[in-house]
Amino acid sequence: MFFSNPMVVIRRATIRGCLLWTTAIATLGTSGCDFGVPRTYPVTGRVEFSDGQPLTTGGVVLFEASEGEGAPVTARGAIREDGTFDITTYREGDGAVPGEHRVLVRAKRDPSEYLEQGITPRPVIDPRFETYETSELQFTVGESDNTFKIVVERPT
């Protein structure tokens, strides 16, 4: 009767087990199981001033929705040079959860003002748009087209 080296048998079993677990995890990750993650819908848009000019300095748009009794669900999107944005909640570009959203805009300020002149960078948009409480921006996300125009004002 022929007996294998016990260490070789253990290694083979360990490798086989690792391959089975790896396959199982990869299958779950690509099977569409969201494990209770709320559904999202694509959201895109453009940030512009009241005169129609886009916000070109960059920054971020934040959408906040409240899911019943739970914590608010926040989605975000970087503002590109042409003022456009795409919203992400869980995965890149997945959008926002359905329902009412409070919205704020945080425009990127010019860092050279601080670095070269030693002054606090001046706001690019009216600071009231930088908080949910004062922006007065609200949008409803649903199954249909979620393309929003966000109009901000210049600082006074």
Side-chain angles (χ1 to χ4, degrees), residues 17-156:
C18 286
L19 288 173
L20 287 172
W21 277 109
T22 303
T23 303
I25 290 170
T27 302
L28 280 175
T30 60
S31 67
C33 291
D34 289 330
F35 300 106
V37 174
R39 179 161 178 71
T40 57
Y41 295 100
V43 175
T44 61
R46 181 175 179 210
V47 180
E48 60 184 47
F49 293 101
S50 52
D51 64 3
Q53 294 298 311
L55 175 64
T56 59
T57 61
V60 67
V61 173
L62 295 170
F63 277 57
E64 180 185 77
S66 196
E67 266 190 55
E69 299 171 13
V73 177
T74 304
R76 68 224 160 271
I79 303 168
R80 294 184 281 274
E81 289 181 9
D82 63 354
T84 60
F85 62 88
D86 299 307
I87 295 295
T88 296
T89 299
Y90 304 108
R91 289 180 297 274
E92 187 67 34
D94 64 351
V97 297
E100 289 290 321
H101 290 258
R102 300 187 309 168
V103 177
L104 66 81
V105 177
R106 293 213 175 116
K108 189 183 288 184
R109 296 180 182 197
D110 185 2
S112 68
E113 289 183 345
Y114 178 76
L115 296 173
E116 296 170 9
Q117 301 171 25
I119 62 172
T120 302
R122 292 173 290 221
V124 177
I125 63 173
D126 188 316
R128 76 180 172 96
F129 293 102
E130 296 185 344
T131 69
Y132 293 120
E133 293 74 27
T134 59
S135 76
E136 299 179 0
L137 297 171
Q138 283 197 311
F139 296 98
T140 303
V141 173
E143 292 182 35
S144 62
D145 181 35
N146 296 305
T147 303
F148 302 112
K149 179 169 69 170
I150 299 175
V151 179
V152 295
E153 297 172 6
R154 299 181 193 281
T156 52

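These figures come from a predicted structure and were not determined experimentally.
Counting only distance, with no hydrogens or angles, the side chain of Arg109 and the backbone of Pro121 share a donor-acceptor pair below 3.5 Å. For the pair Thr140 (side chain) and Glu100 (backbone), a donor-acceptor distance under 3.5 Å is absent. Checking side-chain atoms of Ser50 against main-chain N and O of Glu153 turns up no donor-acceptor pair under 3.5 Å.
Shown here are the side-chain contact (heavy atoms from CB on, under 4.5 Å) partners of Pro155, two or more places apart in sequence or in another chain: Pro123. Asp82 is linked by a salt bridge (charged side-chain N to carboxylate O under 4.0 Å, His left out) to nothing, counting only residues two or more places apart in sequence or in another chain.
Closest of all the heavy-atom pairs between Ala75 and Gly95 is CB-O, 4.1 Å. The two atoms that bring Val151 and Phe129 nearest to each other are O-CE2, 3.8 Å, heavy atoms only. Here the shortest heavy-atom pairing between His101 and Ala65 reads CE1-CB, 3.2 Å. Nearest approach of Ala107 to Val124, heavy atoms of both residues: CB-CB, 4.0 Å. Residue Pro38 comes nearest to Tyr90 through the heavy atom pair CD-OH, 3.2 Å, listed as atom of the first residue, atom of the second, then distance. Here the closest heavy-atom approach between residue Asp94 and residue Thr89 is recorded as OD1-N, 2.7 Å.
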Inset, instruction - Go through the steps for Val103 and Val61 under the test side chain to side chain contact (heavy atoms under 4.5 Å, CB included), then give the verdict. - result: CA-CA 7 Å; Val103 177; Val61 173; 3.9 Å; yes

Inset, instruction - With side chain to side chain contact (heavy atoms under 4.5 Å, CB included) as the test, would you mind laying out the steps for Glu64 and Leu104 before giving the verdict? - result: CA-CA 9 Å; Glu64 180 185 77; Leu104 66 81; over 6 Å; no

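For the atom pair Phe139 CZ and Ile150 CD1, the distance stands at 5.0 Å (nearest 0.5 Å). To the nearest 0.5 angstrom, Ile125 atom CD1 is 8.0 Å from Thr57 atom OG1. Taken from CZ in Phe148 to CG in Leu137, the straight-line distance is 11.5 Å, to the nearest 0.5 Å. Atom CZ of Arg76 and atom CZ of Arg106 lie 13.5 Å apart (nearest 0.5 Å). Between Lys108 atom NZ and Ile79 atom CD1 the span is 10.0 Å, to the nearest 0.5 Å. Rounded to the nearest 0.5 Å, atoms CD1 (Ile87) and OG1 (Thr44) are 9.0 Å apart.
The neighbour count for Glu133 CD, taken as heavy atoms of other residues, nucleotides or ligands under 6.0 Å away, is above 12.
Ring-plane geometry between Phe63 and Phe85 is classed as tilted, the angle between the planes lying from 30 to 60 degrees on a 0 to 90 degree scale.
Side-chain atoms of Arg46 and Pro54, non-hydrogen and from C-beta on, do get closer than 4.5 Å to each other. Considering only heavy atoms from C-beta on, Arg80 comes within 4.5 Å of Asp86 through its side chain.
Under the 3.5 Å distance criterion, with hydrogens and angles disregarded, no donor-acceptor pair is assigned to the side chains of Thr56 and Glu81.
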